[in-house]
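This report refers to the structure that appears directly beneath it.
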Amino acid sequence: MSAVSNRNIESTEEKSNLVLIDRLWRLKKACEKKLFLYIQLNRLIKDVEYRQNLMSQAKTLNDQEINQLIAEIESVEDALRESTGGDIGGIAAVVTDRRIGENSKRLPLFQGAVFLFLLSIAIATYILWFTKTGSTDNQKILPVNNAPIKLRVHGSNSVGEKLVPALLEAYFTKQEHKELGWKKGLVPVERQFQVVEPNNTIFALELHAHGSSTGFKDLLDGTTDIAMSSRKIKEREAEALLASAGDMLSHQAEHIVALDGVAVVTYPNNPIDDLTIKQLARLFSGEITNWRELGGQDMPVSIYARDKNSGTWDTFKNLVLKPQKRELALRARRYESSSEMSDQVATNRGAIGFIGLPYVRNAKLLAVSSIESSLPIMPTSFTVSTEDYPLSRRLYIYTPPELNNVLAMQIVNFALSRDGQNVAESLGLASQNIKMQTPLPADSASLRYIRLTENAQRLSVNFRFDYKTDQLDNKSLRDLERLVDFMSENSARKLMLFGFSDDVGERQKNQALSLRRAEIIEKAMNSRGVAAFKVEGFGESMPLASNDTYQGRVKNRRVEAWVL
C-alpha cells in the first residue's frame with residue numbers, strides 16, 4: 001500500500017476518533033443533566049466497558065437527544081472496529097503528536113480543542129505518576145508476597161466488587177502514597193490492596209467479598225475489622241455481636257456508603273418494559289413459566305438469581321418474594337458474581353434476573369411498580385436517592401463502635417464524604433450528595449401538594465423514622481448535615497418540608513403524625529441555622545409502596561424536602 005493510502009487511512013481514523021470524543025463529551029454533559037451522575041470523561045473515552053454501561057443506563061431515559069448521540073457513537077465505534085481490527089479502547093492514543101498541527105487546521109475548532117485537552121490530561125497523568133514512583137514499569141515494587149495486613153474488609157460482593165475497591169484507590173491516591181496496586185487471591189472474590197508509603201514501608205488491606213452474611217460471621221469470629229453489606233444487619237446478627245463488638249445498630253457502627261437499586265433485568269430484545277412486584281414474585285417463584293402469560297413472546301422463562309450469601313438476594317427476597325408468600329424456584333440458576341450473572345441474562349432470550357444497578361451492563365433494565373395502580377418507576381440516580389424506586393436499597397459498611405483502627409475510620413469518613421459519594425456515583429450507584437429535580441406529581445397528589453410544588457424543585461433526600469418513635473434513622477441523621485451544607489451553598493432558595501405517614505391507625509392521627517415529623521426536621525434544621533419556609537403534613541396520602549408490608553410502610557413514613 002502506498003504512503004499516500006496509509007496517510008488517508010490514518011487521517012480517516014483520526015477524524016473518527018475526534019468525532020467520537022466530541023460525541024462522548026456531549027453524552028457526558030447530557031447524562032450528567034438527566035441522570036444526575038458525575039461522569040469521568042477520561043474514563044468514558046478509554047474504558048469501553050464503562051462507556052457501554054453508561055449508554056445502557058442512558059437508553060432507559062428514552063431521551064431523543066441522548067438516543068441520537070448513542071446511535072452516532074455506536075456507528076463511529078463500528079467503523080473504528082473495522083479499521084483497527086476490533087480495538088477501540090484507547091481512542092486518543094491513535095492520534096500521534098505529529099498530526100496535531102495538521103488536523104487542527106482541517107477539523108472543527110471544538111474537536112481540536114477537546115483533543116488537546118485530553119492530551120494535556122494524559123501528559124499530566126504521566127508526569128504525576130512518574131513523580132510519585134520515580135521509576136518505569138519494570139522497576140515497580142508491587143505486588144509482593146507476605147505484605148503485613150493493616151485492615152481486613154469482608155462481606156458483600158455488591159459492595160466489595162467495585163465500590164470498596166474504588167473507594168480505597170481514591171482514598172490512598174488522595175493521600176499521595178508512593179505506589180498502589182492489587183494482588184489477586186486464590187479465588188476471584190479475594191484480593192489484597194497493597195500500598196507503598198513514602199518511606200518504602202509496604203502494607204496491605206485484605207478484601208474478601210463472599211456475601212453480606214459472611215461479613216457479620218467474620219466480625220463474630222474476629223477475622224475482619226469491617227463488614228460490607230448490601231442489606232441492614234439482622235436483629236439476630238446484631239444480638240450475636242453485642243457482647244464482642246458492641247451495638248451494631250448504633251449511629252457509630254452503621255454507615256450507609258451509597259444507595260442502589262436492585263435492578264430487574266431481561267434479555268435486551270424482550271418487549272416487556274415494566275412489571276409489578278406481584279408479577280415479579282410469580283416469575284421468580286416459577287408460577288409464570290412463559291413470557292406470553294404477561295403479553296410477551298412465546299418463550300419459556302429462565303430464572304437467574306444471586307447466591308444465598310448475597311445481600312442482593314436477601315433484599316430481593318424480602319422486598320419481592322416474602323410479601324407475596326412465595327419462594328424462589330428450585331430451577332433458578334444462582335451466581336456469586338453480579339457481573340457474570342448479568343452477562344448470562346443478556347445472552348438468554350427467556351432470561352430474567354436481579355442485580356445491583358451498576359451491573360446492568362448489556363441486559364435490559366425494567367421499570368417496577370409496587371402495586372398495579374401505581375406508576376412503574378425506573379431506577380435512576382434520583383429515584384434511588386429518594387428511595388422512591390420500589391426496589392431501592394442501602395449499601396452499608398459496619399464497624400464495631402469501639403474499633404480502635406484509625407485507618408478504618410479514616411476510610412469510612414472518606415466514603416461518607418462528598419468526594420467518597422462522587423466515587424460511588426461514578427460507578428453508577430446513587431450518591432447521597434443532594435441534587436435537585438422537577439418531578440411530575442403523583443396521580444394521588446392532592447391539589448394543595450400540587451400548588452405548593454408547581455414552581456419548586458424536589459431534593460434527592462427523604463427523611464425516615466423508626467415506626468415506634470419519632471427517632472430519625474441513621475441515614476437521616478447524616479442527611480441533616482448534608483442538607484445544611486446544601487442550603488448554605490444555595491442560600492437564596494427557600495426550604496419546604498412535607499411529611500407523610502403509613503395508613504396504620506386513624507386518618508386524622510396520621511395527618512397529625514406526618515406534620516409532627518416534618519416539624520422535627522424543621523427544628524433540627526433551625527438548630528443548625530437553617531429556617532424552613534413551609535412545613536406541612538399530608539398524612540397517609542401519596543403512598544410510595546403498599547402499606548400491607550413492613551418494607552412498604554417504612555417507605556411511606558417520610559419527610560420530603562423541596563426548595564423554591
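Atom set for the values below is all heavy atoms of this structure, side chains included, hydrogens, waters and symmetry mates excluded. All figures in this text were calculated on a predicted structure; none of them were measured in a lab.
- The backbone N or O of Q324 sits nowhere less than 3.5 Å from a side-chain atom of K278 that would complete a donor-acceptor pair.
- Although no hydrogens or angles enter the test, the distance criterion places a donor-acceptor pair under 3.5 Å between the side chain of T315 and the main chain of S230.
- Side chains of L259 and K475 form a contact here, defined as non-hydrogen atoms less than 4.5 Å apart.
- K555 and S392 share a donor-acceptor pair across their side chains, judged by distance under 3.5 Å alone.
- In this structure, a donor-acceptor pair under 3.5 Å is present between the side chains of Y398 and E254.
- With no hydrogens or angles considered, a side-chain donor-acceptor pair links E72 and Q68 at under 3.5 Å.
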- Verdict with reasoning, E540 to R507, per salt bridge (charged side-chain N to carboxylate O under 4.0 Å, His left out): CA-CA 7 Å; E540 59 196 55; R507 179 179 293 271; 3.4 Å; yes

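- Looking at S501, its side chain never comes within 3.5 Å of a backbone N or O of L513 through a donor-acceptor pair.
- S369 and T276 form no side-chain donor-acceptor contact under 3.5 Å, judged by distance and modelled atom types alone.
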- Task: Please report the C-alpha distance between E387 and R558 in whole Å, then the side-chain angles of each, then the deciding distance to 0.1 Å, and finally whether the salt bridge (charged side-chain N to carboxylate O under 4.0 Å, His left out) criterion is met.
- Result: CA-CA 10 Å; E387 300 178 280; R558 68 195 188 278; over 6 Å; no

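- Salt bridge annotation for E239-K234: absent, with no cationic side-chain nitrogen under 4.0 angstrom from a carboxylate oxygen.
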- Task: Kindly determine whether E425 and K435 satisfy salt bridge (charged side-chain N to carboxylate O under 4.0 Å, His left out), including the steps that lead there.
- Result: CA-CA 12 Å; E425 198 165 43; K435 304 175 187 68; 2.7 Å; yes

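- Taking the side chain as every heavy atom from C-beta outward, I355 and T312 never approach each other to under 4.5 Å.
- Under a 3.5 Å cut-off, the side chain of N413 and the backbone N or O of M409 do form a donor-acceptor pair.
- When each of F316, Y304, Y359 is checked for a ring pair (Phe, Tyr, Trp, His ring centres under 6.0 Å) with F354, only F316 meets the rule.
- Listed for the K364 side chain is a donor-acceptor partner under 3.5 Å among the backbone atoms of I272.
- Applying the salt bridge (charged side-chain N to carboxylate O under 4.0 Å, His left out) test between D473 and each of R394, K232, R478, R517 identifies R394 as the sole match.
- No donor-acceptor contact under 3.5 angstrom links the side chains of N510 and D502, judged on distance only.
- Side chains of R306 and S338: a donor on one and an acceptor on the other come within 3.5 Å.
- Using cut-offs of 30° and 60° on the angle between ring planes, the pair W562 and F498 is tilted.
- A heavy-atom distance below 4.5 Å is not found between the side chains of L319 and T549.
- Within 6.0 Å of CD on Q52 lie more than 12 heavy atoms contributed by other residues, nucleotides or ligands.
- For the residue pair Y171 and D419, no side-chain donor N or O sits within less than 3.5 Å of a side-chain acceptor on the partner.
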- Message: Please determine whether salt bridge (charged side-chain N to carboxylate O under 4.0 Å, His left out) holds for the pair K317 and D314, giving the CA-CA distance in whole Å, both sets of side-chain angles, and the decisive distance to 0.1 Å.
- Response: CA-CA 5 Å; K317 177 178 65 177; D314 201 74; 3.6 Å; yes

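- Using a 4.5 Å heavy-atom threshold, the side chains of L167 and I411 count as separate.
- For the pair L321/E327, no side-chain contact is recorded, criterion being any heavy-atom separation below 4.5 Å from C-beta on.
- At least one donor-acceptor pair closer than 3.5 Å links the side chain of T214 to the backbone N or O of G211.
- When side chains are defined from C-beta on, V368 does not count as touching P376, because their heavy atoms never get closer than 4.5 Å.
- Under a cut-off of 6.0 angstrom, the local environment of CD in E454 is crowded, with over 12 non-hydrogen atoms contributed by other residues, nucleotides or ligands.
- Side-chain contact between L472 and I521 is present, with heavy atoms from C-beta onward closer than 4.5 Å.
- For the residue pair R451/N455, the side-chain donor-acceptor check at 3.5 Å is not satisfied.
- Between the T453 side chain and the A456 main chain, no donor and acceptor come within less than 3.5 Å of each other.
- In this structure, W291 CH2 and R349 CZ are separated by 12.5 Å, a value rounded to the nearest 0.5 Å.
- Between the side chain of S476 and the backbone N or O of D479 there is no donor-acceptor pair closer than 3.5 Å.
- Put simply, the side chain of N556 gets close to the backbone of G552: a donor and an acceptor are under 3.5 Å apart.
- You'll find the side chain of V189 reaches within 4.5 Å of the side chain of E336, heavy atoms only.
- Crowding of R334 atom CZ: a count of heavy atoms from other residues, nucleotides or ligands under 6.0 Å exceeding 12.
- Using modelled atom types, no side-chain atom of N157 and backbone atom of H210 make a donor-acceptor pair closer than 3.5 Å.
- Under the 30°/60° scheme for interplanar angles, the aromatic rings of F538 and F500 are found to lie parallel.
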